[in-house]
Amino acid sequence: MELKVYQNKVKVAEEFSKYLIEKSDTQKAFHIALSGGSTPKIVFDVLAEEFSNDVDWKNIHLYWGDERCVAPTDDESNYKMTVEHLISKVDIPEENIHRIKGEDDPKTEAKRYGELLDKELPKELGLPQFDLVILGMGDDGHTASIFPHEINLWVSPDNCEVAIHPESGQRRVSLTGRIINNARTVAFLVTGESKAEKVKIIVDREEGYLEYPASHVAPKTKDLVWFLDAAAAKLLTSSQS
Ligand code: 6PG
């Protein structure tokens, strides 16, 4: 795992944008699973406003790592957030956008999206392979929409599952471990002091770390990068592991 620690959120956003540009400069389709949450919001703003001309948008295909089961017009929708902060500001072909339909029946949609991944993505070891999966991490150690109380969903035999948010009861469609860990590269974007405690437990593999879904992120390629701001990294003793 590689740790990249920057002074603040804006710096994380700038450095992640440069990293994405370098990774996606392949002259062919580049498949990305996006995350919801507050850190991606600023990353999308910076990417769209400062680096848009450096990205070959016709080759970028956008998918989601998880979606809240709400309409695409709802303020809770990860798709809506991405339209506002990224998609509406860049010249990406509409057919390159593969959203999870949060408005549909969750079980049916989890199945449909899993099949869509089988159809659209190249295969590696018999499973769909993203070029890049972007993940956030919640204060409780969840990632995508796999929460600690449903950690068994991580090892699901399916590409996608329906998860339930522990406090609100909101249903979510989420990628599972077999897809996330089959990606070529996985990048965590984690900022803010409220993340520091779990970042330390997970990165330093302290007692109980396996209770947190984010600990199970381990791509087979070993290409895992954590982009952190100083606040999220403040309790780390190791700077690299
Ligand atoms: C979502 C997510 C989720 C998110 C984390 C971190 O849809 O809620 O994809 O996994 O990335 O909760 O969110 P913050 O960046 O807001 O802390």
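Computed from heavy atoms alone, side chains included, the values below leave out hydrogens, waters and symmetry copies. Numbers here simply count residues along the sequence, with the first being 1. Both ligands and their constituent atoms are indexed starting at 1 by order of listing.
- In the vicinity of Gly37, heavy-atom distances shorter than 4.0 Å reach the ligand 1 atoms 13 (O), 14 (P), 15 (O), 16 (O).
- In plain terms, the two heavy atoms of Ala110 and Val162 that are nearest each other are CB-CG2, 4.1 Å.
- Nearest heavy atoms, Phe30 versus Lys23: CE1-O, 3.4 Å.
- Taking the charged nitrogens against the carboxylate oxygens, Glu67 and Arg99 have no contact shorter than 4.0 Å, which rules out a salt bridge.
- Near Ser38, meaning under 4.0 Å from one of its heavy atoms, ligand 1 places the atoms 14 (P), 15 (O), 16 (O), 17 (O).
- Scanning the protein for heavy atoms near atom 4 (C) of ligand 1, the closest one is Gly36 O, 3.7 Å.
- Between Tyr19 and Phe227, the ring planes lie perpendicular to each other; the angle is over 60°, past the 30° to 60° tilted range.
- Between Lys18 and Glu14, no side-chain nitrogen of the basic residue sits less than 4.0 Å from a carboxylate oxygen of the acidic one, so the salt-bridge criterion is not met.
- Close approach to Thr39 involves these atoms of ligand 1, each under 4.0 Å from a residue heavy atom: 15 (O).
- In this structure, Arg172 has a heavy atom closer than 4.0 Å to ligand 1.
- Glu67 does not count as a contact of ligand 1, since none of its heavy atoms falls under 4.0 Å from the ligand.
- In the vicinity of Met137, heavy-atom distances shorter than 4.0 Å reach the ligand 1 atoms 5 (C), 6 (C).
- Per-residue contacts place Gly136 under 4.0 angstrom from the following atoms of ligand 1 (heavy atoms of the residue considered): 11 (O).
- Per-residue contacts place Ala144 under 4.0 angstrom from the following atoms of ligand 1 (heavy atoms of the residue considered): 2 (C), 3 (C), 10 (O).
- When the heavy atoms of Lys41, His142, Lys195 are ranked by distance to atom 5 (C) of ligand 1, first place goes to His142.
- Using a 4.0 Å cut-off between heavy atoms, Asn78 contacts ligand 1 through its side chain alone, with no backbone atom that close.
- Of the charged side-chain nitrogens involved, none lies within less than 4.0 Å of a carboxylate oxygen, so that Glu115 and Arg112 do not count as a salt-bridged pair.
- Salt bridge status for Lys111 with Asp158: absent, with no side-chain N to carboxylate O gap under 4.0 Å.
- Protein heavy atom closest to atom 8 (O) of ligand 1, with residue, atom name and distance, is Arg68 NH2, 2.8 Å.
- Between Asp229 and Lys9, none of the side-chain N atoms (NZ, or NE/NH1/NH2) sits under 4.0 Å from a carboxylate O, so this pair counts as no salt bridge.
- Near Ser35, meaning under 4.0 Å from any of its heavy atoms, are these atoms of ligand 1: 9 (O), 11 (O).
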Does the pair Asp45 and His85 meet the rule for a side chain to side chain donor-acceptor pair (under 3.5 Å), with working shown?
CA-CA 5 Å; Asp45 284 335; His85 292 267; 2.8 Å; yes

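- Within ligand 1, counting atoms from 1 as listed, the ones closer than 4.0 Å to a heavy atom of Asp66 are 1 (C), 2 (C), 7 (O), 9 (O).
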